[in-house]
Amino acid sequence: HQIAVGGPFLGGHKVVVGPMENGQITFDGQAILQTFPSTFSNACGVQMSYNGEGKLVDNAQGHLDKHIVHIKFNNGVQLEVMRWSNHINLRITMSARPGQDGHCGNFNGNPGDDTQ
């Protein structure tokens, strides 16, 4: 149970975020953001912070302490990974891309057709 992001837009680098109990936060396989709160950035434009700030995607965990990894990529995509004991929740924020469709939406203002 983790999310991995990588590819050409990261210059071949990879970011991985797992849950609290058995997951780590890594950049190219090296543990980062090992203290709470903390920050990380590198030359390829990735900026990361790990703190308790942010809005949850699922309020069912609202009574628990928040542990959120905020990731900003240099292409304007932002991720917020909410780390829980044995799972993660994810929020992706980005501007519209040409030809975008599907679960990320098509930015036509109608959320009813974003998952068709």
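Both backbone and side-chain heavy atoms feed into the values below; hydrogens, waters and symmetry mates do not.
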Side chain proximity check, [X] to [Y], heavy atoms < 4.5 angstrom:
| X | Y | result |
| --- | --- | --- |
| K66 | M82 | no |
| L90 | V57 | no |
| M48 | T39 | no |
| F27 | C44 | yes |
| V81 | I3 | yes |
| F73 | V5 | yes |
| V17 | I71 | yes |
| N74 | V46 | no |

Side chain R83, main chain H67, donor-acceptor under 3.5 Å: no
Sidechain-backbone polar pair: H70 side chain, N51 backbone, donor-acceptor under 3.5 Å: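 No, H70 side chain to N51 backbone: no donor-acceptor pair under 3.5 Å.
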Shared hydrophobic cluster for M20 and I88 (ILVMFWY, side-chain gaps under 4.5 Å):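 Per the 4.5 Å side-chain linkage, M20 and I88 are co-clustered.
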Residues Y50, I68; criterion side chain to side chain contact (heavy atoms under 4.5 Å, CB included); working and verdict: CA-CA 6 Å; Y50 183 36; I68 303 176; 5.9 Å; no
Heavy-atom pair with the smallest gap, counting every atom of P19 and N86: CB-C, 3.8 Å
Residue pair I25, V69: steps toward the side chain to side chain contact (heavy atoms under 4.5 Å, CB included) verdict: CA-CA 9 Å; I25 306 167; V69 178; 3.6 Å; yes
CD-OG distance between E21 and S85, expressed to the nearest 0.5 angstrom: 4.5 Å
Residues in side-chain hydrogen bond (donor to acceptor under 3.5 Å, both in side chains) contact with N75, at least two apart in sequence or another chain: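 Partners of N75 by the side-chain hydrogen bond (donor to acceptor under 3.5 Å, both in side chains) criterion come out as none, since no residue qualifies.
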Residues in side-chain hydrogen bond (donor to acceptor under 3.5 Å, both in side chains) contact with H13, at least two apart in sequence or another chain: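 Residues passing side-chain hydrogen bond (donor to acceptor under 3.5 Å, both in side chains) with H13: D28.
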Neighbour count >12 (heavy atoms, 6.0 Å) for atom CG, D58: yes
